[in-house]
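None of these values were measured; they are calculated from a predicted model.
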Amino acid sequence: MTSQPTLTRPENDPGRPGDPGAPGDSGLQAGLKNRHLSMIAIGGVIGAGLFVGSSSGIATAGPGILLSYALVGTLVVLVMRMLGEMSAANPTSGSFSAHADRALGPWAGFTIGWLYWFFWVVVLAVEATAGAAILEGWIPAVPQWGWALIVMVVLTATNLVSVGSYGEFEFWFAGIKVVAIGAFIVIGGLAVFGVLPGVDSDQAGLANLTGHGGFLPNGAGAILTGILLVVFSFMGSEIATLAAGESEDPQRAVTKATNSIIWRIGVFYLGSILVVVCLLPWDSKSITEDGSYVAALDSLGIAHAGQIMNFIVLTSVLSCLNSGLYTASRMAFSLGRRGDAPKAFARTTGRGVPRTAILVSVVFGFVAVFFNYKFPDSVFLFLVNSSGAVALFVWLVICFSQLRMRKIIQAEAPEKLVVRMWLYPYLTWASAALIVFVLGYMLTDTEHDGRTTMLLSLLVAAIVLVIAVVKQRVAGRRAEDRDEIPAG
C-alpha cells in the first residue's frame, strides 16, 4: 500500500526542500506589497494576446467569439479556484508544480515545472521580438535585435535588484493596461448606445451582434475553433499564486486574487470584446487588416489610433516580459529547492533574489531570440509550437492535484481550507473533461496549426516525463541502497 502524502511532516523528516510544509521552504523575501499583488493579479489576465490575437478569433467565429471567450474564461475561473484552494492552504514558490509534487508524485512536479519554465522562456523571445518591432518603428536608428537586447537587459536588471523592483515595474505596467482597457470599454460603450457624438450610428450598435449572417455566421463549430484561438491568451492568471509566496500575507493575497478572477475576466475580456463586435461588423476588413482594437478606435474617430494601440501593446509586452522572467526564475528556484534542478538555482542573494535562476532563464530567452532572427521558420517555430499546449497541460495537472489535495487538507488541517472549490469534486472533473476535450479537438485542427502544436507539445512533454520517471527510479534505488547498509 502506498503512503498518503501529507501537509505536515515529523521533525525528523525534512522531506523534499521546497515542498509545501517542508521546513526552509524559501530563501525568498516578502518584498511584494499588497498593491503589487493586487495589480499583478489584475494585469496577469490581460496579455498582449488579447490585443493582438482577438482579430483572428472574431474573423473565424463572428460575434459568437464571445461564447468562446466565455467558455475559456469559465474554465480559467474554475482552475484558478482549484489552485487558490491549494495555494491558500500552502503558499509556496512553486505553486501548482509543488502541489503536483505532493499530491501526484515527484514525477508530476518535475514534469509540469520544467514544461512551465520552458513555456515562459519561449514567451520571453516572442514578447521581446514583438516589443522590438514596435520600438524600431518609432526609432529606426536602432536595429530590431538591438531593441530586443535592450529590453531584455533592462528587465533582467530589474528582476536582479529585488522582488520589490519587479513588483513596482509590474504595478505601473499593469496599471497602464487596466486604465487603457477600462477607458476603451467606457468610451466604446457610450458609442454603442449612441451617446458619443461623431460616431456613425448606422455602423455601431447592438445590431452588429445579429446582423451580417447572425450571431454564429460560420456555424456552432466555429465556437470550438475560436476556443483554440483564444485559450492561450489567458495564460498568466496563475502568476499571482507564485508571487504570493513573496508577499507580506500570502494567504490573504491568494484568497483575494482567486475571488476577483471572475470580474477581471468578465470586464477585461468579455467586456472589451463585446464593445469591439458592437462597434464594427464582424466581417469588416479593417478588423483583420488593422487589428480589432485599432479598427475599433478608428471607428470612434480617435486620431493616431494605431500609435495609441502600439503603446498599449508595448506596455503589455513589457509587462509580459517582466512577469515571464519572474515566473520562469521562481519556477526554476522551486525546482532547485526540490532537487529537480541544479542546487545553484535555489541560492538567493542577500535581497532574497534567486540570481542564478534568473540568469539561466534569461540566457535561454536570449538563445530563443537568436533562433527567432536566424531560424524563424524552423528552430524557433518548433520552440513556439512545442510549448503551445503547455497552458492546457498545467490546467489539467491542477485539476488532478486538487482532487487529491482536498482530501489531504481535510484530513490533516481543515482550518486551512479558506478557499474552497465549488461543487467539489463534480466541477473539478467537469473542468478536467473539458480540457481533455479541447486537447483532443486540437488534434483535428489543421487549418490553424492546432494539430502540429498538440503533437509537438506532447512530444516535448513525453521527453520530460521520461526523464522525470527515470530520475525518480534512480533516486528510489539509491535510497534502497542506503537503507540496506548495516549500521556501524
Side-chain angles (χ1 to χ4, degrees), residues 5 7 16 18-22 25-26 28 40-41 44-45 75-120 123 231-232 234-247 250-251 253-255 257-258 261 323-324 326-338 340-341 387 389-409 416-417 419-421 424 428 431-432 435 457 461 464-465 468:
L7 287 173
R16 284 164 56 81
D19 286 348
D25 179 57
S26 171
L28 306 175
I40 289 171
V45 297
L75 177 61
V76 172
V77 168
L78 295 176
V79 170
M80 279 297 295
R81 189 74 184 182
M82 300 175 217
L83 182 56
E85 177 182 292
M86 296 185 289
S87 296
N90 291 282
T92 177
S93 59
S95 187
F96 53 83
S97 174
H99 302 320
D101 185 295
R102 180 56 52 84
L104 305 177
W107 62 269
F110 179 99
T111 303
I112 205 64
W114 277 113
L115 285 176
Y116 191 70
W117 178 87
F118 173 59
F119 170 84
W120 279 110
V123 166
V231 66
F232 304 110
F234 284 84
M235 192 66 168
S237 55
E238 71 290 332
I239 292 176
T241 62
L242 279 88
E246 295 178 78
S247 66
Q251 190 178 74
V254 169
T255 303
T258 303
I261 187 71
S323 290
Y326 171 84
T327 305
S329 64
R330 272 23 178 212
M331 185 56 71
F333 169 85
S334 178
L335 289 166
R337 294 288 292 184
R338 301 200 304 269
D340 290 336
S387 64
V390 167
L392 293 168
F393 295 162
V394 167
W395 296 347
L396 191 60
V397 167
I398 290 173
C399 292
F400 289 125
S401 298
Q402 190 267 338
L403 283 170
R404 197 169 190 201
M405 283 297 290
R406 165 66 79 88
K407 297 176 181 178
I408 300 170
I409 299 171
K416 291 186 176 182
L417 280 173
V419 176
R420 288 176 178 265
M421 176 59 185
Y424 169 85
T428 303
S431 301
I435 295 169
S457 296
V464 178
L465 179 59

- Minimal heavy-atom distance between S87 and T241, with the atoms involved, is OG-CB, 3.8 Å
- Query: Any side-chain donor-acceptor pair under 3.5 Å between T92 and H99?
  - Reply: no
- Message: Are L417 and R406 packed together at the side-chain level, in the sense that at least one heavy-atom pair is separated by less than 4.5 angstrom?
- Response: yes
- Less than 4.5 Å apart, any side-chain heavy atom of F119 and any of M331? no
- Message: Please report the interatomic distance OG1(T258) to CD(E85), rounded to the nearest 0.5 Å.
- Response: 10.0 Å
- Query: Can you tell me how far NZ of K407 sits from OH of Y424, rounded to the nearest 0.5 angstrom?
  - Reply: 5.0 Å
- Query: For A103 and S401, which heavy atoms make the closest approach, and how far apart are they?
  - Reply: CB-O, 3.7 Å
- Message: Using 0.5 Å steps for rounding, measure from the CG atom of L403 to the CD1 atom of I398.
- Response: 12.0 Å
- Task: Answer yes or no: is there a side-chain heavy-atom contact under 4.5 Å between F110 and V464?
- Result: yes
- Item | Donor on one side chain, acceptor on other, R338 and S97, under 3.5 Å | yes
- Has the side chain of S334 got a donor or acceptor atom that lies under 3.5 Å from a matching backbone atom of R330? no
- Item | Residue pair R404 / R102, side-chain heavy-atom distance below 4.5 Å | no
- Task: Look only at the side chain of W114 and the backbone of D340, and say whether a donor-acceptor pair between them is shorter than 3.5 Å.
- Result: yes
- Task: Taking S329 for its side chain and Y326 for its backbone only, find out whether a donor-acceptor pair lies under 3.5 Å.
- Result: yes
- Message: How close do L396 and A432 get, counting heavy atoms only, and between which atoms?
- Response: CD1-O, 3.8 Å
- Considering non-hydrogen atoms only, spot the tightest contact between A100 and I112 and give its length. CB-CG2, 4.5 Å
- Task: On the 0 to 90° scale, with breaks at 30° and 60°, tag the W120-Y116 ring pair as parallel, tilted or perpendicular.
- Result: perpendicular
- Message: With heavy-atom distances below 4.5 Å as the criterion, would you say the side chains of M86 and V419 are in contact?
- Response: no
- Query: Who pairs with S457 by side-chain contact (heavy atoms from CB on, under 4.5 Å), at least two apart in sequence or on another chain?
  - Reply: A389, F393, T453
